[in-house]
Amino acid sequence: MAQQHTTSLRLRLRYRFDHLVSGGTTALIGWLALACLAVVVPASAVLVWSDRAAPATLSGRLTAVWVSVGQTLKIGGAVGSPLYVLASVSLALVALLFVSTLVSLITTGINRRIMSLRLGHSTVLETGHTVVLGWSDQVFPVIGELVAANANQRRSAIAVLAPQDKVWMEDEISTRVRDSGSGRTRIICRNGSTTDPTELCRVSPRTAKALLVLPPTGDTGDAQVVKTLLALDAAVPGSGAGDAVVVAAVRDSRNHMTAKLAAGPAGHVLCVDDIVARLLVQTARQPGLSLVYSELLDFEGDEFYPVTAEDLVGRTFGEALLSFATSSAVGLLHADGSVTLNPDPGAVIGPADRIVVISRDDDTAVRVDMASHVEEAAIVTAGPRTCQAERLLLLGWNRRAPLVIEQLDQYVSPGTTLDVVALGEYAGGYGPQAVTAARSRLEVIFHHGDITAPLTLAKLDVPSYDGVIVIGETEPAAAASDAPLPLLAPVTDPEARADDRTLVTLLHLRAIGDAAHRELALTTEMSDDGNRLLAPARGGADFIVSGRLISLLMTQISESPYLAEVFEELFTAEGHEFHLKPAADYVRAGQEVSFATAVESARRRRECAVGYRLRARSATGPDYGVRINPDKRQRVRFCEEDWLIVLAES
């Protein structure tokens, strides 16, 4: 026997309604007409019969009902001969059909326009705006820094083009970028492919002041950057991107030259791997250096600015070092756009030269002669310190590891050893076998092991090393199977997995340091700045966050193109770079001296002193003892363990 359905009246009515709707437009119109008549006719009859002025005869009342129905349904309700009534109803229906169709067309057009705006397909009509092409986690620090840079501008705009939903992008930016909706900078999002010249025109690259091409996450991100640069050239034929500054970034150093060719001679292409590897090595050699760069690269603190020489024309750069009270001179910007960092103190400043200073803002570099504040008796003339061979430890392996080893060989003293601990097979030719360059100073020893395993780290005697570098491990397939914690299992994004492994490693290293009652000299690489906040490390520890670092560099160059040359020199082993050197080698320890005295002492060594770091405050935020660009009249008492921050030759 067939089982009977026991359903409620509500479900049966809903099922019948669904069946009715599925019958098509004609059936739906017919049922709708019947439903209207079923309501309108009885209601009209009630109105007529309850009206005291209604006709007395039945035919009169029926005629009144017809008039009421006709007026309600907008079909006239005319009375007369049957032919007259039929013609009147026909005309009324035609008029109703025309008006309904017109309203439908207008509504459809308005909806289409609203949908087009929602999808972000309209053209941005701006001039002097900044264009951000592509979407990744880097878009948030880039926009945040651009908003900070334009805080003193009356009207500025940032246009973002990416193959994402416009409304979703706007919501993400408003949620993750501080002050994105309260400042003077308008953020405009558009949907489109960055590799399609036609869709690129939606953000008006021809009239922009700067275009930033972000590297998408993933192995194909560099190819996307190159195609975007080619699309920019196609979108604005014959002039690249017009007068705009083009700044792009690629991850793999092997793709750097290709991207530079696509960007053209006026474009600036940063290589994430090269810059991160160089800064990792520099910071591992000089703990605290990452804090210095963090202060100099964001728009909230002191930054690089070019200022006119004015009355310093014809005088030497050494005199310029003591010609600003609250700014630090570090180089010269020449008329041809080239930059000389830390020039010889005897170099003469030309009439077309501008002085590159570190200052709070472009209007705070005020000329004040500080020579009278130099205390000659406090200057120390200590000789250079002898470099010693070291024992260094590299935990983890990725495609930047060979670059780290190559850079280390250029910095360390002969006889230095580097122990590398990482998992086994690596894809893409980035394994230990890729380290084939001849090394004159550094001896590298490879060890197989999982850096997230406590036993692996316990066997290393980590406190005995002079420095430890932890880098994200992404390539080994074995990483997924050998992971000791469930925390690592569900993560599929390679960079996120690398950060997770790094966090686990840092947990074990902190335990090792606590057990040994020793502070480890630790430098850590991460991809996501959010993970840095979770890192189990002491305050003021050195973190090189690749995504944020490249974002800061790109925004700085987009605002001041000459900085591309400055950063190129700062992040190479040759040329000049920032150093943290013992303050006691420059001024007498234990007594108060003016910072102008330290600047003069550094000048005599052909160096530019730009700040200091106090050991006693190295674990106390928010500055962790780092003071960039102090007032030269400020008096400081340095101890033997404090550092002076100087720009000097490598």
Side-chain angles (χ1 to χ4, degrees), residues 286 288-289 292 295-296 301-307 309-312 315-332 340-349 353-360 364-384 566 570 576-614 623 625-640 642-649:
Q286 304 174 79
L289 191 61
V292 175
E295 170 72 14
L296 291 175
D302 293 87
E303 309 143 41
F304 294 97
Y305 291 101
V307 298
E310 297 180 347
D311 57 333
L312 291 174
R315 300 171 68 178
T316 65
F317 180 75
E319 294 177 87
L321 292 173
L322 289 170
S323 296
F324 301 93
T326 57
S327 301
S328 301
V330 294
L332 294 175
T340 303
L341 285 181
N342 188 28
D344 189 285
V348 178
I349 301 174
D353 292 338
R354 288 191 289 172
I355 303 174
V356 179
V357 300
I358 296 174
S359 188
R360 175 64 58 176
T364 58
V366 180
R367 283 272 291 107
V368 180
D369 189 359
M370 290 286 103
S372 61
H373 292 269
V374 175
E375 303 163 36
E376 191 68 34
I379 295 178
V380 174
T381 56
V566 173
L570 289 177
H576 297 81
E577 61 189 51
F578 287 107
H579 298 263
L580 279 77
K581 297 188 176 184
D585 288 355
Y586 294 82
V587 295
R588 295 191 183 278
Q591 70 178 59
E592 281 193 351
V593 298
S594 66
F595 187 69
T597 304
V599 172
E600 172 61 20
S601 182
R603 183 194 68 82
R604 297 178 184 182
R605 299 184 179 203
R606 300 185 62 179
E607 300 172 351
C608 300
V610 300
Y612 55 82
R613 189 184 191 194
L614 302 178
D623 57 5
V626 173
R627 181 71 171 89
I628 297 293
N629 190 34
D631 191 320
K632 293 180 178 60
R633 294 163 292 199
Q634 176 186 338
R635 303 188 67 78
V636 189
R637 187 187 302 273
F638 292 110
C639 69
E640 292 286 345
D642 293 335
W643 300 274
L644 198 65
I645 303 170
V646 298
L647 179 63
E649 195 167 3

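H579 approaches E649 most closely through the heavy-atom pair NE2-O, 3.8 Å. Of all heavy-atom pairs spanning Q591 and A378, the tightest one is NE2-CB, 3.7 Å. Counting all heavy atoms, side chain and backbone alike, S594 lies closest to H373 at OG-O, 2.6 Å. In this structure, F595 and V610 approach most closely via the heavy-atom pair CZ-C, 4.0 Å. Scanning all heavy atoms of the two residues, the minimum distance from L321 to A329 falls at CD2-O, 3.3 Å. In this structure, P343 and G331 approach most closely via the heavy-atom pair CD-CA, 3.8 Å.
With hydrogens and angles ignored, the 3.5 Å screen pairs no side-chain donor or acceptor of S327 with any backbone N or O of V357. Here the side chain of R588 pairs a donor or acceptor atom with the backbone of A377 at under 3.5 angstrom. Between the side chain of N629 and the backbone N or O of T326, at least one donor-acceptor pair lies under 3.5 Å. The backbone N or O of A598 lies less than 3.5 Å from no partner atom in the side chain of K632, so there is not a single donor-acceptor pair. Although no hydrogens or angles enter the test, the distance criterion places no donor-acceptor pair under 3.5 Å between the side chain of E375 and the main chain of T597. Judged by distance alone, the side chain of R635 and the main-chain N or O of E592 form a donor-acceptor pair under 3.5 Å. A donor-acceptor pair is defined here as one N or O able to donate and one able to accept, closer than 3.5 Å; no such pair exists between the side chain of R354 and the backbone of V307. For the pair N342 (side chain) and R606 (backbone), a donor-acceptor distance under 3.5 Å is present.
From S601, atom OG reaches atom CD of E376 across 9.0 Å, with rounding to the nearest 0.5 Å. In this structure, CD on E295 lies 9.0 Å from CD on E303, to the nearest 0.5 angstrom. Between F317 atom CZ and I349 atom CD1 the span is 7.5 Å, to the nearest 0.5 Å. Between the CG atom of L647 and the CD1 atom of I358 there is a distance of 7.5 Å, given to the nearest 0.5 Å. Distance check: R627 CZ to Q634 CD gives 5.5 Å after rounding to the nearest 0.5 Å. Note that CH2 of W643 and CG of L289 are 12.0 Å apart. Values are rounded to the nearest 0.5 Å.
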Under 3.5 Å, side-chain donor or acceptor atoms of residues 364-372 against the rest of the protein: list the pairs with distances, not counting sequence neighbours.
from	atom 1	to	atom 2	distance (Å)
T364	OG1	S359	OG	2.5
T364	OG1	R360	N	3.4
T364	OG1	D361	N	3.0
T364	OG1	D361	O	2.8
R367	NE	D311	OD1	3.1
R367	NH1	S323	O	3.1
R367	NH2	D311	OD2	2.8
D369	OD1	A371	N	3.1

### Task
Output, in order, the C-alpha distance, side-chain angles, deciding distance and verdict of side chain to side chain contact (heavy atoms under 4.5 Å, CB included) for V374 and I379.
CA-CA 9 Å; V374 175; I379 295 178; 4.1 Å; yes
### Query
Stepwise, does the side chain to side chain contact (heavy atoms under 4.5 Å, CB included) test hold for L644 with V587?
CA-CA 10 Å; L644 198 65; V587 295; over 6 Å; no
### Query
When you look at R605 and Y586, which way does the side chain to side chain contact (heavy atoms under 4.5 Å, CB included) test go after all the steps?
CA-CA 9 Å; R605 299 184 179 203; Y586 294 82; 3.6 Å; yes
### Task
Please step through side chain to side chain contact (heavy atoms under 4.5 Å, CB included) for the pair E600 and L322, ending with a clear verdict.
CA-CA 8 Å; E600 172 61 20; L322 289 170; 3.5 Å; yes
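Every residue two or more places apart in sequence or in another chain that forms a ring-ring contact (aromatic ring centres under 6.0 Å, His included) with F638 is listed here: Y612.
Side-chain atoms of E607 and K581, non-hydrogen and from C-beta on, do get closer than 4.5 Å to each other. Using a 4.5 Å heavy-atom threshold, the side chains of L570 and L341 count as touching.
Evaluation of the salt bridge (charged side-chain N to carboxylate O under 4.0 Å, His left out) test over residues 317-331, restricted to residues two or more places apart or in two chains, returns R315-E319.
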